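Everything on this sheet refers to the single structure shown next.
Just so it is clear, the structure is predicted and the values come from calculations on it, not from any experiment.
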Amino acid sequence: MSNILETNGLTKKFHNQIALDNVSIHIPEGKVYCLLGPNGAGKTTLMKIVTGMMQESSGSVRFNGKEWNRNVLNEIGSLIENAPIYGNLTSYENLEVVAKLRDVPKSRIDEVLKQVGLDNNKKKSKNFSLGMKQRLGIGLALISNPKLLILDEPTNGLDPVGIQELRELIKELTKQDITVLISSHALSEMSHLADEIGIIVKGKLRLEKKYDSNEDLEDLFLKTISGVQK
Ligand code: ATP
């Protein structure tokens, strides 16, 4: 199976601090790859480099077999930090703005609204629940039909129902051959979703493997970050 995304020796320094240290991850096409790590491990930094929001200090990224360049962003959707939502617009109108910017036909808007369960919703998005905002954020990321969806801690602040809905949505997306790179501290949730895991500790990739759903992810995580598991 081919990898949709690979990083090769990716390194990011902020002044004298190393946020990412020679990280090489491999994300197989069509899978859910969970990027795990304690606070400040470097997960968001990696995602920002892959989505062109930040420049690496050294190392490289390959997408779909080719060296990363800005054009690959047409095939990558992402939700990193807060969703870029205009509060005084409805979900349809928010998607309309992004569709126009990305030159996507309007017909795609209704498809995406259905996909994220926001069809028939006429509320202004400032009145949305956090779960609805997250779903709209994912909708914005999906508008151009990406091959790879990158979600940085999308479970943050969601209630159990919101988390379950997100899980269903991600499972649905992988059925449509979308690869998902997701970071989260919600380990039990990740254990339901992960096909592959990568664990980063202080900027270094300490473990990368296929995830066997019988494994205790919390135990594996704790052993890895404490250095027991190499
Ligand atoms: P969390 O789980 O808390 O979101 P993370 O794994 O996503 O953490 P990053 O946000 O990637 O971690 O941060 C990695 C390290 O890089 C941290 O020590 C952080 O303080 C530092 N860092 C990130 N962005 C910047 C920046 N723009 N300037 C300086 N340091 C930064």
Side-chain angles (χ1 to χ4, degrees), residues 4-5 27 29-35 43-44 46-54 61 63-64 66 68-158 162-184 193:
I4 186 106
L5 188 88
I27 305 181
E29 197 166 359
K31 302 289 179 192
V32 178
Y33 187 106
C34 293
L35 191 61
K43 305 178 295 294
T44 304
L46 185 143
M47 290 176 163
K48 283 187 172 172
I49 293 172
V50 170
T51 52
M53 294 163 74
M54 206 179 251
V61 179
F63 178 79
N64 215 6
K66 295 191 196 104
W68 190 98
N69 64 65
R70 287 221 155 249
N71 292 335
V72 308
L73 296 178
N74 294 328
E75 297 180 272
I76 300 178
S78 65
L79 176 56
I80 297 177
E81 293 166 348
N82 295 326
I85 292 173
Y86 296 103
N88 57 339
L89 302 183
T90 63
S91 41
Y92 185 95
E93 291 162 346
N94 267 289
L95 285 162
E96 206 173 14
V97 172
V98 178
K100 205 164 208 172
L101 280 173
R102 293 199 153 212
D103 212 11
V104 170
K106 267 192 172 184
S107 56
R108 176 77 185 134
I109 298 174
D110 285 321
E111 280 173 24
V112 169
L113 285 173
K114 211 170 246 170
Q115 235 173 343
V116 298
L118 286 173
D119 42 340
N120 300 322
N121 190 304
K122 304 272 181 285
K123 277 188 193 173
K124 288 191 173 180
S125 53
K126 65 182 170 197
N127 299 322
F128 280 6
S129 69
L130 191 59
M132 288 160 78
K133 280 186 185 153
Q134 289 293 67
R135 278 189 275 146
L136 177 54
I138 294 174
L140 294 169
L142 288 173
I143 192 84
S144 57
N145 234 332
K147 284 194 168 73
L148 173 66
L149 179 66
I150 297 182
L151 302 174
D152 190 17
E153 300 190 22
T155 52
N156 268 5
L158 294 187
I163 290 181
Q164 197 189 354
E165 284 174 358
L166 185 71
R167 184 202 301 173
E168 295 310 316
L169 172 58
I170 291 173
K171 285 193 169 159
E172 227 13 77
L173 294 175
T174 54
K175 281 189 202 150
Q176 295 159 30
D177 291 330
I178 296 177
T179 309
V180 180
L181 167 60
I182 181 169
S183 79
S184 177
L193 277 173

| query | Can you tell me how far OG1 of T44 sits from CD1 of I150, rounded to the nearest 0.5 angstrom? | reply | 11.5 Å
| query | Would you find more than 12 non-hydrogen atoms of other residues, nucleotides or ligands less than 6.0 Å from N82 atom CG? | reply | no
| said: With a 6.0 Å cut-off (strictly less than), is the heavy-atom count around CG of N69, excluding the residue itself, greater than 12? | reply: yes
| task | Indicate yes or no for a side-chain donor-acceptor contact from W68 to the backbone of F63 under 3.5 Å, with no hydrogens or angles considered. | result | no
| query | Do E111 and R108 sit within salt-bridge range, that is, some charged N less than 4.0 Å from a carboxylate O? | reply | yes
| request: Please test T51 against S78 for side-chain hydrogen bond (donor to acceptor under 3.5 Å, both in side chains), starting from the C-alpha separation and ending with a verdict. | output: CA-CA 7 Å; T51 52; S78 65; 4.8 Å; no
| request: Give the intermediate values and the outcome of side-chain contact (heavy atoms from CB on, under 4.5 Å) for residues Y33 and L5. | output: CA-CA 10 Å; Y33 187 106; L5 188 88; over 6 Å; no
| request: Could you tell me which non-hydrogen atom of S125 sits nearest to which non-hydrogen atom of Y86, and how far apart they are? | output: OG-O, 2.9 Å
| query | Is it true that a side-chain atom of T90 and a backbone atom of E93 form a donor plus acceptor pair closer than 3.5 Å? | reply | yes
| query | Considering only heavy atoms from C-beta outward, does the side chain of K171 approach that of L193 to under 4.5 Å? | reply | yes
| said: On a heavy-atom basis, which atom in N94 and which in P84 lie closest, and how many Å separate them? | reply: OD1-O, 4.4 Å
| message | Distance check, rounded to the nearest 0.5 Å: N74 atom CG versus K147 atom NZ? | response | 10.5 Å
| query | Would you call L142 and L173 a side-chain contact if the rule is heavy atoms closer than 4.5 Å? | reply | yes
| G137 to I85 - nearest heavy-atom pair and separation | N-CD1, 4.4 Å
| message | Do L136 and V116 make a side-chain contact, defined as non-hydrogen atoms from C-beta onward lying under 4.5 Å apart? | response | no
| request: Give, for atom CG of N127 and atom NZ of K122, the distance between the pair rounded to the nearest 0.5 Å. | output: 15.0 Å
| message | Minimum heavy-atom separation for I76 and V50, please, with both atom names. | response | CD1-O, 4.1 Å
| message | Determine whether E96 and L89 satisfy the following criterion, side-chain contact (heavy atoms from CB on, under 4.5 Å), listing intermediate values before the conclusion. | response | CA-CA 10 Å; E96 206 173 14; L89 302 183; over 6 Å; no
| request: For L118 and M132, work out which heavy atoms get closest and say how close. | output: CD1-O, 3.9 Å
| said: Do L166 and I138 make a side-chain contact, defined as non-hydrogen atoms from C-beta onward lying under 4.5 Å apart? | reply: yes
| Under 3.5 Å, side chain of S183 to main-chain N/O of E153, donor-acceptor pair present? | yes
| task | Give the intermediate values and the outcome of side-chain contact (heavy atoms from CB on, under 4.5 Å) for residues Y92 and D110. | result | CA-CA 8 Å; Y92 185 95; D110 285 321; 3.8 Å; yes
| task | Using the side chain to side chain donor-acceptor pair (under 3.5 Å) rule, collect all pairs that involve residues 130-141, keeping only residues at least two apart or in two chains. | result | R135-E165
| remark: Rounded to the nearest 0.5 Å, the OG1 atom of T179 sits from the CD1 atom of I4 at a distance of 4.5 Å
| request: Can you measure from CD (E172) to CD1 (I170) and round to the nearest 0.5 angstrom? | output: 12.0 Å
| If you take all heavy atoms of G131 and L158, which pair is closest and at what distance? | CA-CD2, 3.4 Å
| Test log, rule side-chain contact (heavy atoms from CB on, under 4.5 Å), inputs I143 and I109 | CA-CA 7 Å; I143 192 84; I109 298 174; 4.2 Å; yes
| Any side-chain heavy atom of V72 sitting closer than 4.5 Å to one from N64? | no
| query | Less than 4.5 Å apart, any side-chain heavy atom of L181 and any of L151? | reply | no
| Can you tell me how far the NZ atom of K31 sits from the CG atom of D177, to the nearest 0.5 Å? | 10.5 Å
